[in-house]
Chemist: 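Please find one structure pasted underneath; my questions will follow.
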Amino acid sequence: MNSGYEAVIGLEVHVQLQTRSKMFCACRNAADAPPNSYTCPVCLGLPGALPVLNAEAVRMALTLGLAVEAKIQPVSTFYRKQYFYPDLPKGYQITQGPVAIVENGFLDIPGDARVRGKEGKVRIRVERAHLEEDAGKSHHDLDGKSSHVDLNRAGVPLLEIVGAPDLRSAQEASDCLKSLHRLVVGLGICDGNMEEGSFRCDANVSVRRVGEAAYGTRVEVKNLNSFRFVRQALDHEIARHVVLLERGEAVQMETRGWDASLGETRGQRTKEAAMDYRYFPEPDLPPLSINPQEVEAARQALPELPERRIQRWRDAYGLGLDEAQTLAQSPAFAAYFEAVAERSGSGHGAAAWMLGEVSRTLNDGGTGIESFPIAPEAMAELVRLVETRILGFGAAKDQVFPVMLAGGGDAESIVAQKGLAQVSDRRVIQAMVAQVLVANPGPVAQIRAGKESLKGFLVGQVIKAGQGKLDAKLVNEVLSEALAKD
Ligand code: ADP
Ligand code: ZN
Ligand code: MG
């Protein structure tokens, strides 16, 4: 970044909680129905309807709070935040007041060495996480003449997580958001779908001169529905602030939206002050009390945290960070991988299949691991056959895996039926290598004269002679031995 300036960023993330029902009524919390199917007097805000707090949403908030080592507040309260919008039938949103259920936690993320001056983790404080309800959705017709309101989402539980202004670059903001995303998905409290808005991020950003203690004027950037947009929008916004400050102009405190097609942020509105919402305590809901037993129960139920799991896999299986992070993408995917790794006895082999053929199949079909047709035990057997070199990888990928996908049996019987077992008898391979060397005196002489690159050609000839059934690794070994002789 332009020397002399430092960016300051704080994230506000809205996490849609995967509860069975909505926040204050028994309507289903799901997006799979025609517009306005999941509504009732409570979420429509009809007169006289009374909200009842969803205990599952409270447990999910506790889970998140404990995972970021926050203080769980014994008593927090609900407030009404009042504004008018067509998708808000009550005319107010129920949210939490000055005290939130979760306060003062933190996330440790990799710092951006370019702005921190050194490698290493940095601690990003989580100021608070509070429970609130979502609004409905407005759909605007393309002709610009009419709009439709769908209230299936009205009253769906949200956990708003407010981060302290501890981030110092767009890269750090994106890394922090990724870490938080892995966390809420790994905890099983959110499906993490950013495009559909289950995980929404607003970023507040300001710029100040290096060494200055006071923060600069901040701008809130909305509409950041991918990690890439977070990076691009913040980099753009930081640069815009620096230009203004260099010109001696002031940054306006406002809300801006990221326009992905133009690649820039655009002003949307000046920021409301909290006072404009006329917040007041929600008279229809008692304060939310959490007793120590509830906190303890949530602590006991806490699953292994994604960052820990990633580290454990790296230690146990020697996986790279990116690989382990991708494998930890969802609790179901992680569990599947773990089952394959354990049963096949090869974490590395299991990882390669999960990140390769399995992911490709899921992507092509647009489905999740939950509906993957091959059971982890069966997948493990395939991995084991390849790892023990009974089956070549090519044959496994092209001739066995597709048959298993189509429900055509287990790996061992497919290998037997199709006669795919590899030849890994050293003497058989030695004999074939000897034949190939005799038949190719030219290349052999060139290799011995130092042209190592021709070795692949000879390997290919041997494999071809073996009709693709030779253990390629062994062929390489035997060929090198033979070439090294006399
Ligand atoms: P609001 O009431 O407008 O939501 P908050 O005090 O809750 O304001 O802060 C919202 C977010 O803005 C937080 O994530 C916080 O970290 C961030 N933030 C506050 N001040 C600054 C600043 N000067 N620069 C960048 N981010 C900031
Ligand atoms: Zn309802
Ligand atoms: Mg806020």
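Position 1 is the first residue of the sequence, and the numbers go up from there. Each ligand, and each atom within it, is numbered from 1 in the order the structure gives.
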Chemist: Angle class for the Phe227/Phe199 ring planes (parallel below 30°, perpendicular above 60°, tilted otherwise)?
Modeler: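 The arrangement is tilted - the two ring planes meet at 30° to 60°.
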Chemist: Going by the angle between their ring planes, with limits at 30° and 60°, are Phe78 and Phe24 parallel, tilted or perpendicular?
Modeler: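 Phe78 vs Phe24 ring planes: perpendicular.
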Chemist: For the residue pair Arg80 and Tyr92, would you count it as a cation-pi contact if the rule is NZ or CZ under 6.0 angstrom from the ring centre and within 45 degrees of the ring axis?
Modeler: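 Judged by the rule, Arg80 and Tyr92 form a cation-pi pair.
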Chemist: Between the side chain of Glu160 and the main-chain N/O of Ala129, is any donor-acceptor distance below 3.5 Å?
Modeler: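 Not a single qualifying donor-acceptor pair exists.
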Chemist: Please indicate whether Glu212 has more than 12 foreign heavy atoms, meaning atoms of other residues, nucleotides or ligands, lying under 6.0 Å from its CD.
Modeler: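 Counting neighbours around CD of Glu212, more than 12 heavy atoms of other residues, nucleotides or ligands fall under 6.0 Å, so yes.
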Chemist: Only heavy atoms of Glu12, strictly under 4.0 Å: list the atoms of ligand 1 that pass.
Modeler: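 Numbered from 1, ligand 1 contributes 4 (O), 10 (C), 11 (C), 14 (O).
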Chemist: Numbering the atoms of ligand 1 from 1, which are under 4.0 Å from a heavy atom of Leu11?
Modeler: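 This gives 14 (O) as the contact atoms.
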Chemist: Does any N or O atom in Glu127 lie less than 3.5 angstrom from one in ligand 1, N or O only?
Modeler: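 No, since none of the N or O atoms of Glu127 sits under 3.5 Å from an N or O of ligand 1.
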Chemist: For atom 21 (C) of ligand 1, state which one of Arg218, Arg125, Met253, Arg128 supplies the nearest heavy atom.
Modeler: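 The nearest heavy atom belongs to Arg218.
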Chemist: State, to the nearest 10 degrees, the angle whose vertex is the Zn ion (ligand 2) and whose arms point to SG of Cys27 and SG of Cys40.
Modeler: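 Vertex the Zn ion (ligand 2), arms to SG of Cys27 and SG of Cys40: 100°.
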Chemist: Taking both backbone and side-chain atoms of Gly163, is any N or O found less than 3.5 Å from an N or O belonging to ligand 1?
Modeler: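 There is such a contact, yes.
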Chemist: Of all the atoms in ligand 1, which lie at a distance below 4.0 Å from a heavy atom belonging to Gly216?
Modeler: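 It comes down to these atoms of ligand 1: 23 (N).
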Chemist: With atoms numbered from 1 as shown, which atoms in ligand 1 lie under 4.0 angstrom from a non-hydrogen atom of Tyr215?
Modeler: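 Taking each heavy atom of Tyr215 in turn, ligand 1 has 23 (N) under 4.0 Å.
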Chemist: Which heavy atom in Thr39 sits nearest to a heavy atom in Cys27, and how many Å separate them?
Modeler: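 Where Thr39 meets Cys27 most closely, the heavy atoms are C-SG, 3.4 Å.
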Chemist: Against heavy atoms of Ala164, which atoms of ligand 1 measure under 4.0 Å?
Modeler: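 Counting from 1, the qualifying ligand atoms are 16 (O).
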Chemist: For the CD atom on Gln268, are there more than 12 heavy atoms of other groups (residues, nucleotides or ligands in this structure) within a distance under 6.0 Å?
Modeler: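 Check passes, neighbour count above 12.
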Chemist: Answer side chain, backbone, both or neither: which part of Val162 comes under 4.0 Å from ligand 1, heavy atoms only.
Modeler: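 The answer is the side chain of Val162.
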Chemist: Once rounded to 10 degrees, what value does the angle at the Zn ion (ligand 2) take between SG (Cys25) and SG (Cys43)?
Modeler: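 The two atoms subtend 110° at the Zn ion (ligand 2).
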Chemist: So for Ala203, does at least one of its heavy atoms come nearer than 4.0 angstrom to any atom of ligand 1?
Modeler: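 Heavy atoms of Ala203 never come under 4.0 Å of ligand 1.
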Chemist: In terms of heavy-atom contacts, does CD of Glu196 have more than 12 from other residues, nucleotides or ligands at under 6.0 Å?
Modeler: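 Check fails, neighbour count at 12 or below.
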Chemist: Is the centre of the Trp353 ring less than 6.0 Å from the centre of the Phe337 ring?
Modeler: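 Trp353 vs Phe337: aromatic centres not under 6.0 Å.
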Chemist: Between Val205 and ligand 1, does any nitrogen or oxygen pair lie at a separation below 3.5 Å?
Modeler: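 In this structure, Val205 places no N or O atom under 3.5 Å from an N or O of ligand 1.
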Chemist: At less than 4.0 angstrom from any non-hydrogen atom of Val8, what atoms of ligand 1 do you find?
Modeler: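 The atoms of ligand 1 under 4.0 Å from a heavy atom of Val8 are 24 (N), 25 (C).
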